[in-house]
Protein chains: 2
Amino acid sequence: METETQGIQKRKKGIETVNRILEISADLFAHKGYDGVTGHEIAEMVGIRESSMYNHFKNKTDILNTLFDIFIDKVPESRPSDADLDKMLMIMQPEEIFKNILFYFGGHVSGTIENIAMIINNEKYRNPRAAEMYYRYVVNEPSDYYERLIQKMSRCGMIRQIDARMLAEQYNYVSLSLTKEYFMAKNGLADMHSVVKYMIRTIEFFCGLMKE
Amino acid sequence: METETQGIQKRKKGIETVNRILEISADLFAHKGYDGVTGHEIAEMVGIRESSMYNHFKNKTDILNTLFDIFIDKVPESRPSDADLDKMLMIMQPEEIFKNILFYFGGHVSGTIENIAMIINNEKYRNPRAAEMYYRYVVNEPSDYYERLIQKMSRCGMIRQIDARMLAEQYNYVSLSLTKEYFMAKNGLADMHSVVKYMIRTIEFFCGLMKE
DNA sequence: GTCTATAGCTAGATAGAC
DNA sequence: GTCTATCTAGCTATAGAC
C-alpha cells in the first residue's frame with residue numbers, strides 16, 4: 001500500500017523529472033536540431049529510461065510543443081517592462097538603455113528560453129507553429145518594443161525626429177543575426193569577444209543615427 | 001560484352017544521375033533539414049533505388065560535402081563582378097545598384113545554390129564546416145563586397161563620407177534575415193509581397209543614410 | 001514513476017546478379 | 001549503373017512488473 005506522503009513525493013519527483021526532460025530537450029534540440037535528437041538521448045541525460053519519458057509526454061512532438069508553450073509564457077520577462085524603460089529614460093543615455101536591454105536577457109532569462117528561441121529559429125522553415133511564433137515573438141513584438149522605446153526617446157528630446165518603426169525593425173534584424181552568432185560563440189563556433197564587441201558597435205551605430 | 005558507345009552512354013547517364021541526386025538533395029536538405037531527409041526519400045525523387053545512390057556517393061555526408069564544394073565553386077557568380085559594378089556606377093543611382101545586386105541572385109543563380117545557402121545557415125550550429133563557410137561566404141565576403149561598393153560610391157561623390165565598413169556589415173545582416181524570410185515566403189510560411197516590399201524599403205533606408 | 005522487455009518500423013549501407 | 005535482397009543498427013512507442 002502507498003501512503004499519502006509517498007504519493008506526494010512521487011508527484012514532486014514527477015514534476016522535477018518533467019522539468020529536467022524539458023530543460024535537457026531544449027538544450028539538445030537547440031544544438032543538434034529537433035530531428036537530430038533521439039528520445040533515448042534525452043532520457044539518458046535525464047537519468048531515466050526512454051520508456052519512462054512516455055509517462056510524462058505522449059511523444060517527441062509533445063515535448064517540442066510544451067517547450068513552445070513555455071516560451072510564449074516566459075517571453076514577456078525577457079525584456080525590461082515599459083515602466084522600467086520610463087525609469088531608464090530619466091537617467092540613462094540611449095546607448096546605455098540599449099545595452100541594458102541587450103544584457104537583460106542574459107541576466108533574467110534561463111538558458112532554456114534562449115534554447116527554445118534557437119529551436120524556433122531553426123524549425124521555422126518546416127514547422128508552421130515555429131514559423132508563426134517566429135514572426136510574432138521574434139520579429140514583430142521586439143520591433144514594436146524598440147519602436148515604442150525610440151518614440152519615447154524622441155518625445156524626451158533625447159534624439160532627433162526619425163522614422164522610429166523603420167529604425168526599430170532594422171535594429172531588430174541586425175540583432176537577430178548577432179544573437180545567432182552569440183549562440184554559435186557559446187558553442188565554440190565563433191569568437192565570443194568579437195560577437196559581443198560587434199553587438200556594442202551596432203548599438204553605437206544605431207544610436208549615432210538617432211542623434212546626428 | 002559492352003561496346004564503347006554503351007560505355008559512354010552509361011557514363012553520361014551517371015553524370016545526369018549524380019546531378020539529379022545533388023539538386024534534389026539540396027532541395028530536400030534545405031526544406032526539411034539534413035537530419036530530416038532519408039536516403040530512400042532522395043532516391044525515390046531521383047527515380048532510382050537507394051542502393052544505386054551508393055554507387056555515386058559514399059554516404060549521406062558525402063552528398064552534403066559535395067554540395068558544399070559546389071557552393072564554394074559557384075558563389076562568386078551570385079553577385080555582379082566588381083567590373084560590372086563600375087559600369088553600373090556610371091549610369092545608376094545607389095538604390096538602383098543595390099536593387100540590381102539583390103535581384104541578380106535570383107536571375108543568375110540556380111535554385112540549388114540558394115538551397116545550399118539555406119543548408120549552411122541551418123547546419124552552422126552543429127557542422128563545423130558549415131560554420132566556417134557561413135562566416136566566410138555569408139558574413140565576410142558579402143560585407144567586403146558591399147564595403148567596396150560603398151567606397152566606390154563615396155569616391156564618385158554619389159554619397160557623403162561615411163563608415164563604409166559598418167554600413168556594409170549592417171546592411172548585410174539585415175539582408176541575411178530578409179533572405180531567410182524570402183525563403184520562408186517561397187514555402188508559404190511568409191507573405192512574399194511583404195518580404196519583397198521590405199527588402200526594397202531596406203535598400204531605400206540605407207541609401208537614405210548614405211545620402212543625407 | 002520507473003523499470004525491463006520487446007514489438008514494429010525505418011534508417012543507412014553492402015553484396016552480388018544483370 | 002541499376003536492380004533485388006538483405007544486414008545491422010537505431011528509433012519510436014507500448015505492455016506489464018515492481
Side-chain angles (χ1 to χ4, degrees), chain A residues 1-29 31-67 119 123 126-127, chain B residues 1-29 31-67 119 123 126-127:
Chain A
M1 281 294 282
E2 187 178 85
T3 68
E4 200 178 320
T5 358
Q6 282 173 333
I8 291 168
Q9 281 181 338
K10 260 192 190 174
R11 243 166 288 140
K12 271 193 185 168
K13 201 178 168 188
I15 292 166
E16 267 170 41
T17 305
V18 166
N19 287 338
R20 279 179 55 71
I21 291 170
L22 290 168
E23 258 175 55
I24 287 165
S25 298
D27 184 61
L28 289 172
F29 291 163
H31 290 88
K32 309 181 78 177
Y34 176 73
D35 285 319
V37 178
T38 68
H40 181 82
E41 204 176 353
I42 299 167
E44 196 169 41
M45 288 193 68
V46 172
I48 58 172
R49 296 289 167 175
E50 200 183 344
S51 56
S52 304
M53 271 202 331
Y54 290 97
N55 245 305
H56 305 287
F57 297 96
K58 222 177 76 220
N59 48 37
K60 216 175 127 188
T61 319
D62 188 22
I63 299 177
L64 183 66
N65 278 315
T66 308
L67 289 175
I119 299 168
E123 301 303 322
R126 40 196 163 272
N127 183 320
Chain B
M1 279 296 282
E2 188 178 86
T3 68
E4 200 178 322
T5 358
Q6 281 173 333
I8 290 168
Q9 281 181 338
K10 260 194 191 173
R11 243 167 287 140
K12 270 193 186 168
K13 201 177 168 189
I15 292 165
E16 268 170 41
T17 305
V18 166
N19 288 338
R20 279 178 55 71
I21 291 170
L22 289 168
E23 259 176 54
I24 287 166
S25 298
D27 184 61
L28 289 172
F29 291 163
H31 290 88
K32 308 181 77 177
Y34 176 73
D35 285 320
V37 179
T38 68
H40 181 81
E41 202 176 355
I42 299 167
E44 196 169 41
M45 287 194 69
V46 172
I48 58 172
R49 298 288 167 177
E50 198 182 345
S51 56
S52 304
M53 271 202 329
Y54 290 98
N55 245 303
H56 304 288
F57 298 95
K58 222 178 76 222
N59 48 38
K60 216 175 129 188
T61 319
D62 189 23
I63 299 177
L64 183 66
N65 278 317
T66 308
L67 289 175
I119 299 167
E123 300 304 321
R126 40 196 163 271
N127 184 319

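In what follows, every chain begins at residue 1, and chains take the letters A, B, ... in the order their sequences are listed.
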Take the protein atom CE of A:Met53 and the nucleotide atom P of D:dT12, then report the distance between them rounded to whole Å. 8 Å
Got A:Met45 and A:Glu41 here, is their nearest side-chain heavy-atom distance under 4.5 Å? no
How many Å lie between CZ on B:Phe57 and C1' on D:dG1, as a whole number? 14 Å
Check the distance between D:dG16's C1' and A:Tyr54's OH and give it to me in whole angstrom. 17 Å
Would you say A:Phe57 and A:Leu64 make side-chain contact, with heavy atoms under 4.5 Å? no
Which whole-number value in Å describes the distance from B:Lys60 NZ to C:dT10 P? 16 Å
If each of A:Thr61 and B:His56 is mapped to the nucleotide of DNA chain D with the nearest heavy atom, which maps nearer the 5' terminus, i.e. the 5' end? B:His56
Could you give the CG-to-P distance, from A:Asp35 to C:dT10, as a whole number of Å? 15 Å
Looking only at atom types and distance, does a side-chain atom of A:Tyr34 sit under 3.5 Å from a main-chain N or O of B:Gly36, one as donor and one as acceptor? no
Distance in Å, A:Glu23 CD paired with A:Glu16 CD, rounded so as to fall on 0.5 Å steps: 10.5 Å
Given atom NE2 of A:His40 and atom P of D:dA9, what is their separation to the nearest angstrom? 15 Å
Over all strands shown, is B:Val18 touching base, sugar-phosphate only, or nothing at heavy-atom distances under 4.0 angstrom? nothing
Polar atom pairs between nucleotides 3-7 of chain D and protein, under 3.5 Å, N or O only, would you list them?
from  : atom 1 : to      : atom 2 : distance (Å)
D:dC3 : OP2    : B:Arg49 : N      : 2.6
D:dC3 : OP2    : B:Ser52 : OG     : 3.0
D:dT4 : OP2    : B:Arg49 : NE     : 2.8
D:dT4 : O4     : B:Ser51 : OG     : 2.6

Among C:dA11, D:dC11, D:dA13, which nucleotide sits nearest the side chain of A:Asn59? D:dA13
Do B:Thr66 and B:Ile21 have side-chain heavy atoms sitting under 4.5 Å apart? no
Which value, rounded to the nearest 0.5 Å, describes the distance between A:Arg20 atom CZ and A:Ile48 atom CD1? 9.0 Å
